[in-house]
Each structure stands twice: as structure tokens, then as C-alpha cells.
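Before any comments, here is the structure.
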Amino acid sequence: GNMKKNTFCKVKNSISNLILILLTCTVALLLIFIAQSKITGNAPSIGGYQMYIVMSGSMNPTIKTGSLVMVKPTGPGEIKAQDIVTFRGEKESENTTTHRAIDVYEKDGFFFKTKGDANEAEDPMPVSADRLIGKVVFTIPYIGYAFYFARSRGGILVLLAAWAIFLSVELAKTITTERKGDKDKRERKISEEEIAKEEA
């Protein structure tokens with residue numbers, strides 16, 4: 001019974017630690033994301049990769065709705081058919097789209113025929129090189145929802161509060177466990193001293 005209990009406690013602790021690490025990373029990423037968006041007005045970036053949230057289902061199941069995509073700014077000549085690319089809307093619109101390049105051709109410059117994996121038809125207009133932002137190299141599913149929520153008023157406060165509460169609970173648990181460990185050690189020492197006395 002004790003063995004099972006210990007294993008369960010260990011697994012429970014590992015899961016708690018994992019949740020804490022994930023929450024901390026998410027909060028840190030969110031703060032970077034929001035600060036950069038507000039300051040620069042552009043898509044936030046980490047290590048040269050730009051971050052975008054995909055809130056449509058046109059790339060399901062490859063990129064699920066609510067995913068965060070990391071986009072590497074790439075020259076048009078480096079894009080090959082079947083690469084997933086992020087590009088700007090027409091006429092300097094702020095909207096961006098992430099679709100698969102199904103064909104790349106040159107005609108007074110590079111053009112890309114694009115299509116969402118979940119869409120029946122390809123996109124009506126080819127994408128010109130000047131609208132290309134880059135190539136998707138990495139996607140994190142569902143975290144985009146948290147980013148979307150955090151950008152709303154009060155959203156980041158809710159996430160920060162959740163993180164602070166979780167952190168406090170974990171710290172309190174660690175301190176209690178350490179104190180219990182010290183108490184166990186003291187009790188063991190006393191009983192060892194008593195045994196020594198009795199034997200003497």
C-alpha cells in the first residue's frame with residue numbers, strides 16, 4: 001500500500017511541477033507577446049521567429065484552430081511547394097493568413113498558389129512575393145486561445161492571478177514537505193538515542 005501511495009505522490013508531484021513550468025512559460029510568452037505587440041505594433045518575435053495566432057480552421061488538422069505558429073522570415077526563393085507559409089492580406093491589410101503553398105512559379109517575380117488543408121478550393125488570388133512573411137517552422141496547439149484571451153481587457157490579470165495562486169500553493173506544499181522531513185529526521189534521531197540508552 002505504501003509503495004503505491006509513494007508512487008502516486010511522486011507522479012502527482014511531477015504533474016504539478018509540469019503544470020507549473022507550463023504555466024510559467026505561457027505567462028512569460030504572453031507578457032512578451034503583449035508587450036511587443038503594444039510597443040511595436042507588429043507581430044511579436046522570439047529569436048528571429050515571428051509569432052502568429054491561427055484562429056480559423058482552414059488548416060485543420062495540420063494546424064488546429066487556436067494554435068500559435070512560429071514563422072521564420074524567409075525569402076520567396078527559399079519557399080518550395082508543400083511548405084506552409086504565412087502571408088499578408090492584399091492592399092496592406094493587417095490580416096494575415098497561414099496556408100500551404102501548393103505551387104511556386106516565376107512571372108515577373110515569385111508567386112505562390114496557396115490553399116488551406118481543410119479547404120476544397122485553392123485561394124482565388126496567387127500570393128505575390130511582397131506579401132510573403134515567411135515559412136511556418138513550428139506550431140503549438142491551443143496556446144493561441146490563451147494569447148487571444150490575454151489580449152482582452154483583464155485577461156492577462158486572470159492568467160497572472162491563476163499563475164500566482166498555483167505558485168503559492170506549490171511553494172506552501174514544498175515548505176510543508178521539507179518541515180515534515182526535518183521533523184521525521186529529528187524523531188528518528190531521538191529514537192536512535194533512546195535505543196542507545198536502553199542498550200547501555
Side-chain angles (χ1 to χ4, degrees), residues 18-19 21-76 78-104 110-163 166:
L18 188 66
I19 292 171
I21 291 164
L22 284 174
L23 257 177
T24 306
C25 291
T26 307
V27 168
L29 270 173
L30 281 169
L31 291 174
I32 293 166
F33 194 101
I34 292 157
Q36 282 192 358
S37 299
K38 292 256 192 299
I39 295 162
T40 63
N42 299 326
S45 60
I46 284 184
Y49 294 91
Q50 293 187 354
M51 299 187 284
Y52 292 90
I53 299 168
V54 175
M55 289 310 278
S56 85
S58 64
M59 279 301 289
N60 273 334
T62 318
I63 300 173
K64 294 178 174 67
T65 311
S67 294
L68 175 79
V69 293
M70 305 293 267
V71 178
K72 184 184 181 188
T74 314
E78 296 168 59
I79 301 294
K80 296 184 282 297
Q82 294 311 308
D83 282 345
I84 297 171
V85 293
T86 298
F87 52 92
R88 285 179 207 88
E90 288 185 65
K91 302 183 184 74
E92 293 304 303
S93 96
E94 280 181 23
N95 293 341
T96 58
T97 305
T98 296
H99 276 177
R100 194 180 294 279
I102 51 171
D103 188 23
V104 182
F110 281 98
F111 283 88
F112 309 95
K113 279 185 182 170
T114 53
K115 177 182 174 295
D117 286 4
N119 295 349
E120 294 277 314
E122 63 183 57
D123 299 337
M125 295 294 289
V127 176
S128 53
D130 58 341
R131 284 169 53 206
L132 176 74
I133 294 168
K135 178 176 159 180
V136 173
V137 287
F138 193 64
T139 66
I140 309 171
Y142 307 121
I143 201 173
Y145 285 123
F147 280 63
Y148 204 70
F149 170 67
R151 283 160 85 179
S152 67
R153 281 179 82 162
I156 189 69
L157 295 175
V158 173
L159 280 164
L160 280 170
W163 174 68
F166 201 86

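Positions are given from 1 along the sequence.
- Here CD of Gln82 is found 10.0 Å from CG of Asp103. Values are rounded to the nearest 0.5 Å.
- Contact of the Val85 side chain with the Phe112 side chain is not registered, since no non-hydrogen atoms from C-beta on lie closer than 4.5 Å.
- Put simply, OG1 on Thr96 and CD1 on Ile53 are 9.5 Å apart, with the number rounded to the nearest 0.5 Å.
- We find the CD1-OG1 distance between Ile79 and Thr114 to be 12.0 Å, quoted to the nearest 0.5 Å.
- Closest approach of Pro141 and Ser67 over heavy atoms only: CA-OG, 3.5 Å.
- Taking CD1 of Ile84 as the start and NZ of Lys135 as the end, the distance is 10.0 Å to the nearest 0.5 Å.
- Residues Tyr52 and Val71 approach most closely at CD1-CG2, 3.8 Å, considering heavy atoms.
- Expressed to the nearest 0.5 Å, how far CG of Leu68 lies from CZ of Phe138 amounts to 9.0 Å.
- Contact check for Met125 versus Glu90: side-chain heavy atoms found under the 4.5 Å cut-off.
- Shortest non-hydrogen contact noted between Gly48 and Pro73 is O-CD, 3.2 Å.
- Across Thr74 and Leu132, no two heavy atoms sit closer than the pair O-CD2, 3.5 Å.
- The shortest heavy-atom contact between Ser58 and His99 is OG-NE2, 2.9 Å.
- Every residue two or more places apart in sequence or in another chain that forms a side chain to side chain donor-acceptor pair (under 3.5 Å) with Asp117 is listed here: Thr62, Arg100.
- Between Arg88 and Ile133, the closest side-chain pair of non-hydrogen atoms falls below 4.5 Å.
- When every heavy atom of Lys115 is checked against every heavy atom of Asn119, the shortest pair comes out as NZ-O, 2.7 Å.
- You'll find the side chain of Met51 reaches within 4.5 Å of the side chain of Met70, heavy atoms only.
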